[in-house]
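Everything below concerns the one structure shown next.
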Amino acid sequence: MSRSRRIFKLIQPQVPGTVLCGDHLIITPTTDIARGFFLDTTSRKDHMMLVRTVMPLHRPFAHFSFNYSQSIVGDCGALFHIDKQDYGAAAAVVLQKLGPHVEPLRKIQTTRDFMGHVAWMSGNRMLPFRTDLGINHYMLGNIQEALAIFRQLHIDLDEYSPATQQNCRTVIQQVLYFLENDPVGLRAVIESWRDENIEKLGLSASVAAPALRLVR
């Protein structure tokens, strides 16, 4: 069992409305956005970084994305000392530090909430952000805005590194095709990506029953 999972397993019963999903402590329910916490390894022995994660699920992912994550200050700057002989003490410190972040994350549930969360990033040129922005505009019914974003993304693709292009090119091309030819059909594609991400990333335990899923 990883150190992150060991510690969050001790913390989870003390944080109502959360569930342990792999190495992540996830706030429930997961609908369109995954929200939670992760303890990441570092180069410093017995020290980890506590990260609050916000991840839109509307495009394919092979693993958790930290594009919209933020580290939480610990007892050693951004690091937390993890004593392998006393996980209980480490869990108490981590719980104290993550506590103030639970309710703000809980409020980020829908596409509209996410757009508010990343509003400060307006003008950011990161390809994943621009892709997410376009998809979220579509999900909010802003079809022409989404179309403009994806047409520009298609033009700008060659400005990015081959690795970055590889991660987003297929999604950009597929979304642009649907926006131009079958915008109504795009919703089913995007929702299928979301559902695949939930299963692939081990988030199923955090999902509300279908009848309880939020209306955007």
Side-chain angles (χ1 to χ4, degrees), residues 21-22 24 26-36 38 51-70 105-154 156-157 160 164-210 212-216:
C21 294
H24 295 252
I26 298 296
I27 293 172
T28 61
T30 295
T31 52
D32 301 320
I33 315 292
R35 308 142 300 151
F38 176 68
V51 181
R52 51 175 276 179
T53 61
V54 176
M55 179 180 173
L57 299 170
H58 281 143
R59 62 183 170 89
F61 286 97
H63 47 73
F64 271 91
S65 166
F66 295 100
N67 289 329
Y68 309 105
S69 300
Q70 175 187 345
L105 286 181
R106 203 183 298 280
K107 294 177 181 178
I108 307 170
Q109 297 189 48
T110 67
T111 299
R112 193 174 302 279
D113 296 333
F114 175 76
M115 291 288 272
H117 178 68
V118 300
W120 66 274
M121 295 179 68
S122 177
N124 190 295
R125 295 283 298 171
M126 284 198 321
L127 190 58
F129 170 70
R130 295 173 67 192
T131 304
D132 289 333
L133 185 67
I135 291 175
N136 280 289
H137 270 296
Y138 168 81
M139 295 301 288
L140 291 173
N142 305 327
I143 308 300
Q144 292 306 310
E145 181 70 18
L147 183 58
I149 289 171
F150 276 96
R151 280 176 172 166
Q152 192 60 49
L153 280 171
H154 192 259
D156 295 344
L157 264 173
Y160 296 91
T164 302
Q165 288 185 42
Q166 183 178 2
N167 289 335
C168 294
R169 180 180 291 276
T170 301
V171 171
I172 290 170
Q173 291 175 337
Q174 191 168 355
V175 171
L176 181 58
Y177 171 83
F178 273 94
L179 284 170
E180 292 181 332
N181 297 281
D182 182 14
V184 173
L186 178 57
R187 180 173 289 272
V189 173
I190 292 174
E191 290 183 346
S192 73
W193 287 339
R194 177 201 61 202
D195 293 344
E196 289 169 8
N197 283 327
I198 287 172
E199 182 176 355
K200 186 186 303 180
L201 300 175
L203 294 169
S204 297
S206 70
V207 177
L212 298 179
R213 297 199 83 159
L214 294 177
V215 177
R216 300 175 196 88

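To the nearest 0.5 angstrom, F150 atom CZ is 6.5 Å from L179 atom CG. Here NE2 of H58 is found 10.0 Å from OG of S192. Values are rounded to the nearest 0.5 Å. Atom CG of residue L176 and atom CD1 of residue I149 lie 12.0 Å apart, to the nearest 0.5 angstrom. Between I27 atom CD1 and I108 atom CD1 the span is 8.5 Å, to the nearest 0.5 Å.
Just one residue in the list D32, L203, I33 forms a side chain to side chain contact (heavy atoms under 4.5 Å, CB included) with L57, and that residue is L203.
With sequence neighbours left out, the salt bridge (Lys or Arg N to Asp or Glu O under 4.0 Å) criterion links D156 to R125, R130.
Distance alone, capped at 3.5 Å, places no donor-acceptor pair between the S122 side chain and the A119 backbone. Using a distance-only test at 3.5 Å, with no hydrogens or angles considered, no donor-acceptor pair links the side chain of Q70 to the main chain of R52. In this structure, the side chain of R35 engages the main chain of R106 through a donor-acceptor pair within 3.5 Å. Looking only at distances, a side-chain donor or acceptor of K200 sits under 3.5 Å from a matching main-chain atom of F61. Using modelled atom types, no side-chain atom of Y138 and backbone atom of L147 make a donor-acceptor pair closer than 3.5 Å. Remark: the backbone N or O of D132 is paired with a side-chain donor or acceptor of N136 at under 3.5 angstrom. Panel note: side chain T31, backbone Q109; a donor-acceptor pair is recorded below 3.5 Å. Side-chain N or O atoms of N197 include one that pairs as donor or acceptor with a backbone N or O of R59 at under 3.5 Å. D182 places no side-chain N or O within 3.5 Å of a backbone atom of F178 that could act as its donor or acceptor partner.
Side-chain atoms of R112 and M139, non-hydrogen and from C-beta on, never get closer than 4.5 Å to each other. Within the 4.5 Å cutoff, no side-chain heavy atoms of K107 are placed close to those of D113. Inter-residue side-chain proximity for W193 and Q174 is flagged as met; some heavy-atom pair is nearer than 4.5 Å. Annotation: side chain of R169 is not in contact with side chain of I172 (no heavy-atom distance under 4.5 Å). Looking only at side-chain heavy atoms (C-beta outward), P29 and V207 stay at 4.5 Å or farther from each other. Two residues are said to be in side-chain contact when any heavy atoms from C-beta on lie closer than 4.5 Å; Q144 and H137 fail this criterion. For the pair L157 and L127, the minimum side-chain heavy-atom distance is below 4.5 Å.
Looking at N167 and T164, their side chains never bring a donor and an acceptor atom within 3.5 Å of each other.
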Trace of the side-chain contact (heavy atoms from CB on, under 4.5 Å) decision for L133 with M121: CA-CA 10 Å; L133 185 67; M121 295 179 68; over 6 Å; no

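The shortest non-hydrogen separation linking V51 to S69 is CG1-CB, 3.5 Å. Scanning both residues, G202 and C21, for their nearest heavy atoms gives O-CB, 3.3 Å.
Ring orientation note: the planes of Y68 and F114 are nearly perpendicular, at an angle over 60° on the 30°/60° scale.
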